[in-house]
Amino acid sequence: MIQNLVDGILTGSIYSLAAIGMTMVMHMLRFANFSYAELLGIGGYAALVFDRLFAALVPALGVAIEPLTLTWALVLAMLVAMVITGASAVLFDWLVFKRIRAKADALSMVFASFGVALIVRNVITLIFGHKAELYSQDIAFAVVLSRDPMLLVKPDQIFTLVAALVLMLAFHLVLTRTTFGYALRAVAENPNLSQVSGVRLSSMVTAVWMIGGGLSAAAGVFYAMTNHLSPVMGHNFVLPVFAATIVGGIGSVYGAVLGGFIVGIASGLALMVLPSGYTPAMPFVIILAVLLVRPHGLFGEDRDA
Amino acid sequence: MSDTVLTIEGLEAGYVRDLPILRNVALTLRRQSLTTIIGPNGAGKSTLIKAIAGLVPVSAGRIMLDGAEITHLRPDRMGELGLAYVPQTDNIFRQLSIRENLALVMRRMPDRASRLQELLGVFPALEPKLGDRAGSLSGGQRQMLAVAMALARRPRVMLMDEPSAGLSPKITAEVLDLARGLTGQGVSILLVEQNVKQALRVSDHCYILAEGRNQLDGPAAQILSDPVVGEIYLGGKRVGAA
Amino acid sequence: MIGLISYIAFFATMAGIMAIAVLGLNLQWGNTGLFNGGVVAFFGMGAYGTMILGGRPEAEQFGGFELPFLIAFAGGILAAGLMAWVVGKLTLRLRHDYLAIATFGVAIAFESVTRNAEWLTGGAKGLRGFPRPFEAAIGDGFTYGLVFLALVLAVLIVVYVGLERLVRAPYGRVLRAIREDEVAARSLGKDPARMRLQAFIIGSMIMGAAGGLYVTFYAFVSPQDMAPILTFQLWAMLIVGGAGNNRGAVLGAFLIWGAWTLSGFALARYAPASMQLYAGSVQYILIGLVIVGMLLWRPQGLVPERIGKTFNDRAAKAPTNTGAHQA
Amino acid sequence: MSTPVLSTKGLTRDFGPFRAVDGVSLDIRPGTITGLIGPNGAGKTTFFNLISGALKPSAGQVLLNGQDITGLPPEALFGKGLARTFQIPRPFRRMSLLENVMLAPQGQRGETVLGALFSRAAVRAEEARLRDKAMGILEFMTLGKLADHPAGQISGGQMKLLELARALMGDPAVILLDEPAAGVNPSLTRVLIERIEELNRRGTTFFIIEHDMDFVMRHCDPVIALAEGKVVFEGTAAEAQTNPLLLDAYLGAAE
Amino acid sequence: QDCAVKVGVVYPTSIDWGKPIAATALWVTDMINEAGGIDGCKFEAVLRDDQSDPKVGVDAAKALVDLDKVQLLLGTVASGVTIPMLTSVTAPAGVMQMSCCSSSNRLTQIAAEGTTKGLWFRTFATSNVQASVAAILARDSGYKTISILYKNDDWGQDIAKLAAAAFEAAGVTVVGSTAITDGQPSYRAEVTEALGAKADAVYMAIYPKEGISVVREWLSLGGTQNIIGTNSLKSDEFKEAVGMRYLANFQGTDTSTPRTDSATAFVDAYTAQFGAAPSGPGLPNSFDAAAIALLAYAAAGKDAKGADIAAKVPMVTDPAGEKIGGTVEGFTKALALLKEGKSVSYQGGTGAVVFDANGDVSAPAVAWAFGDSGIEEKRYIPLEEVGAFMDSMAK
Ligand SMILES: Nc1ncnc2c1ncn2[C@@H]1O[C@H](COP(=O)(O)OP(=O)(O)OP(=O)(O)O)[C@@H](O)[C@H]1O
Ligand SMILES: Nc1ncnc2c1ncn2[C@@H]1O[C@H](COP(=O)(O)OP(=O)(O)OP(=O)(O)O)[C@@H](O)[C@H]1O
Ligand SMILES: CC(C)C[C@H](N)C(=O)O
Ligand SMILES: [Mg+2]
Ligand SMILES: [Mg+2]
C-alpha cells in the first residue's frame with residue numbers, strides 16, 4: 001500500500017515534469033499537442049548521442065554521481081539535449097504550426113500535431129532503430145527506506161521528484177510573479193491584444209517552445225535513466241502526460257504537477273482494486289472522476305468566462 | 001517638427017484578401033489634437049484604427065507616424081513608437097488580475113509603481129479590485145481598465161475605439177475630459193465614438209466614414225452644427241431606412 | 001480485371017464503413033462541437049453488440065444468441081446508443097480538450113474490458129463466428145463482396161440523407177448555435193444539455209452502425225480493433241474532408257483511407273528492396289506528411305462548412321435593400 | 001394598478017465576500033418601458049443575469065406574472081416569454097446573421113429530430129415564414145445586406161444590433177435589454193427606439209439598462225437606479241435627473 | 001528468364017520485432033530463387049506491413065490476393081490480425097496462408113470447423129508445449145512458488161493460463177499472476193504487485209519491448225533472479241539491456257527439434273546473413289514457414305492454386321522423405337527431388353516440422369539460457385517427455 005503510493009509519486013514525477021511543459025504549450029498555443037510527448041524521445045536520444053560523445057572525449061565525465069546512475073557526461077548531455085529539443089520544437093512550430101495557426105482553428109492544429117508525431121517517431125526509428133538503448137548498463141538498485149512496511153525507492157527517482165518540484169515552483173513563480181509570465185498568459189488569452197500591449201508574439205511562442213522542449217527533454221532523460229530509451233517512448237507518454245495536464249487544468253503549473261502525481265498514484269494503486277489487465281484504464285477513470293467534480297481540472301480556468 | 005503627427009494616405013485594408021473594407025481612406029491627425037471619427041455601424045471605423053495599429057493587413061496606401069512610415073510594422077512595435085490603442089471589444093485580459101493587466105503593459109517602465117498610483121487616481125473604481133480577475137469586472141469597469149492600460153505607457157498618440165461605450169454618463173464625461181486634457185500634455189488622440197454629441201463637444205476635428213470611405217471632415221464644432229450631418233449621423237432625424 | 005474490381009469493392013466497403021462513422025462524428029463535432037476522443041468505443045460497442053447478439057454460441061462464453069442479422073445489427077446500434085447516453089450524461093458538461101480526454105478514457109476503459117472480460121468479450125482472443133447476411137445464398141466469393149458493398153453503401157446513403165435533413169433543418173441550426181455559444185443559445189430558449197446529449201447519442205449510434213457492419217464484414221472482432229488509432233483515423237478523415245460538411249466527411253473518409261492503403265501499396269510496389277523493411281516507418285512518415293501537408297494546404301478541409309446554408313434554397317431569399325447608411 | 005409582470009423580492013447575489021446585488025425588490029408593471037440606471041459596477045447586469053436565470057441568486061425570489069421562476073434556467077424562461085440581450089454581444093460567430101435570428105423562435109417544428117426528418121413540407125413552410133420575418137427584422141436593423149455574412153465578422157455595433165434582432169424575433173412578452181444603444185450609431189438608435197415603442201404599444205414590456213441619458217429621459221418610465229447593489233431611486237425620468245444622489249454619483253456634473 | 005511468381009508476405013514491419021521476421025522470409029525467398037526457383041521462374045515476395053492493425057493487415061492481404069493475384073500468403077504475427085485475414089480474405093479466395101507466429105488456440109478451432117478448407121498452416125506450436133516445459137523447469141529447479149507476469153494479449157493470456165495449470169500440476173504453487181499491457185510508460189506498479197507475492201521464481205511470458213522495462217524494474221527492486229522466460233525473450237537486445245550478470249539464473253523455453261544440426265545451422269546461417277544472432281521471437285519459425293510454403297509451391301508448379309500448394313505441403317514435410325536442410329544446397333536438392341515427385345523431410349530452424357490436420361505443429365522443446373556468445377541451449381526435452389507431462393496433467 002505505502003509502497004504503491006510512493007511508487008506512484010515517483011513515477012508521477014516524470015509525468016509532472018513533462019506536464020509542466022505540456023500545460024504551458026497547450027495553454028499558450030491553445031491546442032492539444034500530440035507531438036509534445038515526442039519531444040521526450042528527441043531529448044532522450046539527443047542526450048544519448050552527446051552522453052556517448054562526452055564520455056568518449058573526457059572519460060572522467062563518465063563516472064556516476066553517487067548514489068545516482070547519472071554521470072557528469074549525462075548531465076552535460078542533458079543540458080545540450082534540452083536546448084536541441086527546444087530548438088526542434090521551435091522548428092516544428094515554424095515549419096508547421098505557425099502556418100496552420102495563421103489560417104485555421106485549433107482542431108487542425110491538433111491533427112497537424114498528430115501528423116508531426118508520426119513523422120518524428122518514425123524518423124527516430126529510422127535513425128536509431130527499434131532497439132532499446134540505455135545510458136548505463138547498470139541497474140540502479142533500490143534502497144530500502146523501511147522494512148516494515150517494506151519501502152523501496154531508487155535514488156534516481158528521488159532526484160527526479162526533487163527536480164520536478166523545484167521546476168514547478170520556479171515556473172509557477174515565473175508565471176505569476178514576473179511580467180514575462182503575465183505576457184505568456186496574456187498571449188494565451190488574446191494574442192492580438194497582447195501584441196498591442198507590446199508583447200512580441202513570436203518571441204513568446206519561441207520561449208514557450210524552448211521551455212516546453214527543455215522540460216520534456218529533461219523528462220525524457222530522467223525516464224530513460226530509470227527505464228530505457230525506445231523510439232516509441234514518446235508515444236507511451238502521450239496519454240499520461242495529457243491526463244496529468246487535463247486533471248491539473250490547462251495552464252496551471254501546480255495543476256500539472258499535481259496531475260502528474262495523481263496519474264502516477266492512480267496507476268500505482270490501480271492494482272490494489274482492479275485485476276492487473278485493467279490498470280491502463282485506471283488513470284482515465286480517475287480523470288473522469290476529477291472532471292466530474294471539476295470540469296476544468298483542479299486548477300483550470302474556464303476560458304469562456 | 002511638422003504639425004501633423006499621423007498621416008494616412010490612400011489606405012486600402014481588409015480582413016480577407018481581395019475584399020477591402022477600407023477604400024482610399026485619407027486622414028491626418030494634428031499634433032496635440034483630439035480628432036474623432038464617426039460613422040454608421042459597420043462603416044469601417046474600427047477597421048481603420050486596427051489598420052493603423054497593425055492588426056489588419058494593409059493592401060495599399062501608407063500610414064506615417066511623425067514622418068516615418070509604420071504601414072507594415074508589427075503591432076508590438078507600435079508601443080515603442082509611442083502609439084497606444086484601446087480596442088473596441090476584447091480589450092482586457094480576463095484571466096489576469098487588474099494589477100497584472102496593468103503590470104503587463106508597463107513592464108518596461110522604470111517608474112511603474114508610481115505610474116500605477118497615478119492611473120488609480122484617474123480610475124478610483126479599479127483600486128478595490130486590483131487583485132481580482134479582470135473577467136469579473138462590470139462592462140464599464142472593463143472599459144476603464146482598457147483605457148488605463150493604453151494610458152499607462154504615456155503614449156504620444158492614442159487610438160481609442162469607443163472608449164465610452166458602456167460607461168456611465170459621469171465616467172464618460174470624465175474619460176472624454178481626460179482625453180481632452182491629455183492633448184494639453186502633448187498627446188494626440190484619434191477617437192472613434194458613437195456617443196457623437198458628447199465626443200464632438202471636446203474634439204478639434206471630425207472625420208465621417210461610411211462604407212469604408214471618407215465622407216466628410218471638418219472642425220468638430222462645424223460638423224456638430226451642420227444640419228445635414230446631424231440628420232444623417234447624429235440621430236437628428238431619420239433618413240432612408242427600409 | 002475481376003481482381004481489380006474485387007479489390008476496389010473491398011476498398012470501398014472499408015472506406016464506406018469508415019465514412020459512416022465519420023458522419024456520426026461530424027454530427028458530434030462538426031455541428032455540435034463535441035470533441036469525442038473515444039470514437040472507437042462507440043464503434044466497438046456496435047461491433048461487439050452485434051457480434052454477441054448475432055454470433056454463434058461458444059463454451060464458457062456469454063452471448064452467441066444467433067439472432068438474425070438485422071436484429072443483431074439493430075441491437076449493436078442500440079448498445080452504442082445506450083453507452084452514449086450513460087457517457088453523455090456523465091461527460092457532456094465538459095468542454096473541448098477536457099471532454100476529449102474524458103471520452104478518450106472511456107475508450108481506453110472499453111478496450112480494457114474487451115481485453116480482459118473474457119466471459120463477455122472473449123478477451124484478447126476476440127469474438128468470432130458470424131454468419132454474414134445472404135452469405136449462404138451467394139457464397140463468399142466475388143459476388144458477395146459486391147453485395148456487401150451495396151449493403152454498406154445503402155446504410156451510408158440512409159445515414160447521409162438523414163443527417164443532411166437533420167443538419168439543414170432548424171435542428172442543425174440549434175446544434176450549431178450551441179456549438180458557437182452555449183450561454184447565448186440558452187438565453188434564446190434552447191436547452192444545450194438535452195440537444196447535446198441527443199446529438200451525442202445519434203452520432204454514437206451511427207458509429208455503432210459502422211462497427212456493426214465492420215464485424216459483419218470480417219466476422220471477427222478483437223481488442224486489436226479497439227486501438228485508439230481508429231479514433232485518430234476517423235478524426236483525420238473529418239478534418240481533412242472538412243468538419244461541418246457531410247460531403248466533406250465522406251470524401252475525407254475515402255481519401256484518408258485511400259492514402260493509408262495506397263502508401264502501403266506504393267511502398268510494396270516501388271520502394272527498393274532494401275527499403276522494404278523500413279516500409280512501416282516510411283509509410284507512417286508518408287501518412288504524417290500527407291496529413292500535415294493537407295492541413296497546410298487547406299486547413300479548413302477540402303469541403304469546408306458553408307455558413308448560412310439552411311433548409312430552404314438560398315435563392316428563395318428576397319433581394320435585400322438597406323438604405324439607412326447610404327449617405 | 002395592474003399586477004406586475006415581473007417582480008423581485010429581496011434578490012441578492014454574492015461573489016465571494018462581495019455582494020453585487022443586495023436585496024433588490026422591484027415590480028415591473030406590464031406595458032412599461034422601465035429604465036435601469038446606475039454607476040458602473042452597480043450590479044445592473046448581475047441583476048439581469050439573476051432574473052434571466054444566467055446566474056443563481058444567493059437569496060431572494062423572482063416572479064414572472066406572479067409565478068415563482070427563481071433559479072429556473074434561461075432556456076426555460078425564454079419559453080415563458082422572457083428574453084434578454086447581452087451587454088457584451090454574444091453572436092453565434094460561425095453562423096450567418098439570418099441563421100442567428102431565425103434560431104430565436106421557440107418550439108419550431110424542425111427543431112426536433114422527428115420533425116426535421118419526417119415533416120419536411122411543414123418545416124419548409126415554417127422556415128419560409130421565419131425567414132421572411134427574420135429578413136424583415138434584419139432589414140430594419142440595417143443588417144439586411146449582411147444576412148448571409150458570418151456573425152463573427154461584423155462590426156461591434158452591428159453585433160449589438162444583431163443581439164437585439166434575436167431578442168425581437170422571439171416575440172417575447174418581456175424583454176430585458178442590456179445597454180442596447182451603447183456602440184450603436186445615434187441615427188440607428190432612433191430607429192431602434194421607434195421600434196421599441198411600437199412593440200411597447202402592442203403590449204411588450206421592456207426593461208432596459210442604459211447609460212445614454214437622452215434615451216432614458218425620453219423613453220423610459222419609470223426609471224430605477226441601482227447603486228452598490230441596492231435600489232437607490234425609483235421614479236420618473238425627470239425626477240431622476242434632479243435627484244441629488246444620482247447627480248453626484250452617476251450623472252456627474254457634466255449633465 | 002523474366003517471369004516471376006508473386007508471393008504475398010504480410011508482417012508487421014513497423015513493429016520492432018516484426019522487421020526481422022519479415023527479413024527472414026525475404027531471405028528464404030532469395031535462397032530458394034538461388035536454388036532454382038519455380039518452373040524456371042523466380043519467386044517475387046511482395047511484402048506488406050500490417051502495423052499489427054487488423055484493418056491494415058486485411059487490406060494488405062486483400063490487395064495481394066486481388067491485385068497481385070498471389071496464391072500463397074505468408075503471415076502474420078498477431079493472431080488478432082491473422083484471423084480476419086484468413087477468414088475474410090485468403091480462405092474465401094482459395095489462397096493458402098502460412099504464418100510463422102500466430103499461436104492462438106482459436107486458429108485450431110477455426111481449422112477444425114473446416115472454415116480454412118485445409119489452406120491454413122503455422123510453424124508455431126500452440127502454447128501448450130512451452131507452458132509444460134516451463135513447469136518441468138520450475139519443478140526440476142526446486143522452486144516451490146512462482147509468480148507469473150504475462151503480456152496482456154491473445155498469446156499471453158493463453159500461455160499464462162496454460163502455464164498456471166502446468167505449474168500446479170508440477171507441484172509449483174502459483175502465487176500471483178499479473179498482466180503486462182504493452183505501451184505503458186512504466187511497469188512499476190505491476191512489478192511491485194508481483195514482488196509482493198515473494199515467490200521463489202518468476203515466470204515471464206512477455207516480449208523484449210516490455211520485458212526490458214519489467215525485468216530491470218524487477219531486479220532493481222530486489223526481485224529474484226530465478227526467472228523462467230518464454231521464447232519471446234530470446235533476444236540479444238533483451239540480454240544486453242538487462243545484462244548478463246543478472247541473467248545467470250534465467251531459463252528460457254522454446255519449441256525445438258530432435259537434436260539435429262538444423263537448428264544450429266539456422267543460427268549460424270542467420271548470423272552470417274544478418275551479422276547478428278537470431279534474436280526476437282519467431283525467427284526460425286518465419287524461416288521454416290517461408291521455406292516449406294515456397295518448396296510446396298515450387299512442387300505444385302507456377303500455375304498452381306492455393307489448394308494445389310497446400311496439397312504439396314505434406315510432400316515437403318514427409319518424415320519418410322530425404323532429409324534436406326535450410327540452405328541453398330538443401331533447397332536445390334529438395335527442388336530436384338520434388339520435381340521428380342519424391343517427397344522430402346525438411347529440417348529447419350525449428351527442426352523437422354510436421355503439420356497435423358489443422359495445420360498445427362507439435363514440437364519437442366528446449367531449455368535455453370543466455371550465454372556470453374549468445375543464446376545457448378541447455379537442455380533438450382524430447383517430445384515424449386513433453387507429451388508425458390501433458391498427459392499427466394490431463395490425469
Ligand atoms: N463573476 C463575477 N465574479 C466576481 N465579481 C463579479 C462577477 N460579476 C460581476 N462582479 C462584480 O459585481 C459588480 C456588479 O457588476 P455588474 O456587471 O452587474 O455591473 P453593472 O451595473 O452592469 O455595470 P456596468 O454599467 O459597468 O455594466 C462589479 O463590481 C463586478 O466587478
Ligand atoms: N473580423 C472580421 N472579419 C471580416 N470582416 C469583418 C470583421 N470585422 C468587421 N468586418 C467587416 O468590416 C466592416 C467594418 O467593420 P468595422 O468594425 O470597421 O465597423 P465600425 O465602423 O467600427 O462599426 P461599429 O460602429 O459598429 O463598431 C463590417 O461591416 C464587417 O462586415
Ligand atoms: C509469440 C508471438 C509471436 C505470438 C503472437 N503474439 C500471437 O498472437 O499469436
Ligand atoms: Mg467599431
Ligand atoms: Mg453591465
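Residue numbers start from 1 in every chain, and the chains themselves are labelled A, B, ... in the order their sequence lines are given, proteins ahead of strands. Both backbone and side-chain heavy atoms feed into the values below; hydrogens, waters and symmetry mates do not.
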**Message:** With a 4.5 angstrom heavy-atom cut-off, is it the side chain or the backbone of B:Leu83 that approaches chain A, or both, or neither?
**Reply:** neither
**Prompt:** So which heavy atom on B:Met149 is nearest to which on A:Ser197, and how close?
**Reply:** CE-OG, 4.3 Å
**Request:** Any chance you could measure B:Thr89, atom OG1, to A:Leu193, atom CG, to the nearest 0.5 Å?
**Result:** 9.5 Å
**Message:** Within residues 174-185 of chain A, which residues come under 4.5 Å of chain B, heavy atom to heavy atom?
**Reply:** A:Thr176, A:Thr179, A:Tyr182, A:Ala183, A:Arg185
N/O donor to acceptor pairs below 3.5 angstrom from side-chain atoms of residues 51-63 of chain B, sequence neighbours left out:
from    : atom 1 : to      : atom 2 : distance (Å)
B:Ser59 : OG     : B:Glu12 : O      : 3.1
B:Ser59 : OG     : B:Glu12 : OE2    : 3.2
B:Arg62 : NE     : B:Glu9  : OE1    : 3.4
B:Arg62 : NH2    : B:Glu9  : OE1    : 3.4

**Request:** Return each pair, listed once, that meets salt bridge (Lys or Arg N to Asp or Glu O under 4.0 Å) where at least one residue sits in residues 75-93 of chain B; pairs must be two or more places apart or across chains.
**Result:** B:Arg74-B:Asp76, B:Arg77-B:Glu80
**Message:** Is it the case that the side chain of B:Gln95 and the backbone of A:Glu189 share a donor-acceptor pair, with hydrogens and angles ignored and the cut-off at 3.5 Å?
**Reply:** no
**Item:** Nearest heavy-atom neighbours spanning B:Leu104 and A:Ala186
**Value:** CD2-CB, 3.5 Å
**Request:** Output all residues satisfying salt bridge (Lys or Arg N to Asp or Glu O under 4.0 Å) with B:Arg107, sequence neighbours left out; order by chain, then residue number.
**Result:** none
**Prompt:** Around A:His235, counting heavy atoms of other residues, nucleotides and ligands shown, do more than 12 lie under 6.0 Å from its NE2?
**Reply:** no
